[in-house]
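Every value quoted in this text rests on a predicted model; they were computed, and no experiment measured them.
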Amino acid sequence: MNQLLKKLRRYEIMIRKVANNHLQGDYQSIFKGAGLEFDDLRPYQYGDDVRTIEWKVSAKGHGTFVKTFKEDKDQSVYFLLDISGSQDIGASGKKKIDKGKEVAGVLTLAAIFEGSQVGLVSFSDQKEKIILPGKGPKQGVKVIQGIFNHENKSLKTNLKEMFSIALNLIKKRSIIIVISDFIDDGYERPFKALAEKHDLVAIQLTDPRESKLPALGIIPVFDKEEGKTTWVNTAFGSFSKKITDTFTIERDSLKRICKKNQINYLEIDTGQDIVLPLIELFKTRNKTMKRG
């Protein structure tokens with residue numbers, strides 16, 4: 001655990017240095033902006049976030065009003081971490097699950113350093129591990145142990161159930177960082193509902209094998225979630241094209257959902273170091289908050 005914390009801390013320091021150089025010291029902004037309490041109402045102005053419109057008051061016919069907020073000293077950051085079987089793809093030590101845990105671990109340290117309360121919900125097709133939010137170094141270690149030491153109860157996926165659980169569990173407006181490959185369907189409604197209620201970040205983990213299957217002839221493909229093997233002929237160009245097209249369509253669909261619902265989207269490939277993609281996330285959130 002000590003070696004793991006040192007590794008994560010090195011990443012975190014590296015990110016902090018690069019971010020400070022790019023963002024004029026506004027690195028902390030990734031964990032600000034959602035920890036807000038309702039303060040007052042004011043008339044709508046062009047550029048206001050439509051999610052802040054108070055529809056009940058506006059419906060009375062005296063104009064459109066938006067809610068204003070003041071900073072909440074007990075900012076909460078939740079990590080929703082997908083640990084299902086589909087995450088177990090990639091080179092040894094660089095699988096999607098490895099990258100996802102590294103990202104969650106690094107951002108946990110950063111949030112704890114920031115003074116935020118940090119919580120964890122890891123999931124498959126059921127609740128795997130829930131750690132309610134808390135502050136301080138001990139909470140950081142507790143969350144990181146929960147990320148790296150947990151053994152799965154199931155390897156299947158159910159993102160719809162996961163987002164529904166989060167909606168019921170997290171009552172107070174928080175920053176929610178979802179780390180998943182998003183390989184599932186039927187989850188859009190609770191995913192959008194989370195975005196309406198919270199400040200949502202979607203980090204999609206991908207691996208080149210998912211979009212570019214090499215032509216190796218007839219090979220066994222093992223489905224870890226279902227626990228069974230299927231033989232497929234990868235020599236057919238149409239098969240490889242179908243794999244590529246499906247991956248592209250599903251990723252583009254997720255991007256559209258995120259853009260339409262003001263969800264920060266970030267893709268991290270297993271071949272990438274996590275530092276530069278996370279810097280891009282900080283830049284995106286920094287710009288969004290400056291516009292706000």
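Atom CZ of Arg189 has 12 or fewer neighbouring heavy atoms from other residues, nucleotides or ligands inside a 6.0 Å radius. Annotation: Lys101, atom NZ; neighbour count of heavy atoms from other residues, nucleotides and ligands within 6.0 Å is above 12.
Between Tyr265 and Arg251 the shortest heavy-atom distance is OH-CG, 3.6 Å. Nearest heavy atoms, Asp273 versus Val275: OD1-N, 2.9 Å. Among all heavy-atom pairs drawn from Ala202 and Phe182, the shortest one is CB-CZ, 3.9 Å. Across Leu8 and Glu102, no two heavy atoms sit closer than the pair CD2-O, 3.8 Å. Across Ala104 and Ile147, no two heavy atoms sit closer than the pair CB-CD1, 3.6 Å. The two residues Ser86 and Thr157 come nearest to each other via the heavy atoms OG-OG1, 4.0 Å.
Applying the salt bridge (Lys or Arg N to Asp or Glu O under 4.0 Å) rule to Glu128 yields no partners; only residues at least two apart in sequence or on another chain are considered.
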For residues 56-65, run the donor-acceptor check on the side chains, cut-off 3.5 Å, and write out each pair with its distance to 0.1 Å, sequence neighbours left out.
unit_1 : atom_1 : unit_2 : atom_2 : d
Ser58  : OG     : Glu54  : O      : 2.8
Ser58  : OG     : Phe65  : N      : 2.9

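Looking only at distances, a side-chain donor or acceptor of Lys99 sits under 3.5 Å from a matching main-chain atom of Gln272.
Partner of Val178 under the side chain to side chain contact (heavy atoms under 4.5 Å, CB included) criterion, out of Val201, Ile203, Leu200: Leu200 alone.
In summary, Asp269 and Lys94 do not engage in a salt bridge, as defined by a charged side-chain N under 4.0 Å from a carboxylate O. A salt bridge does not link Asp207 with Lys96: none of the charged nitrogens is closer than 4.0 Å to a carboxylate oxygen.
Annotation: the span from Glu12 atom CD to Ile112 atom CD1 amounts to 11.0 Å, rounded to 0.5 Å.
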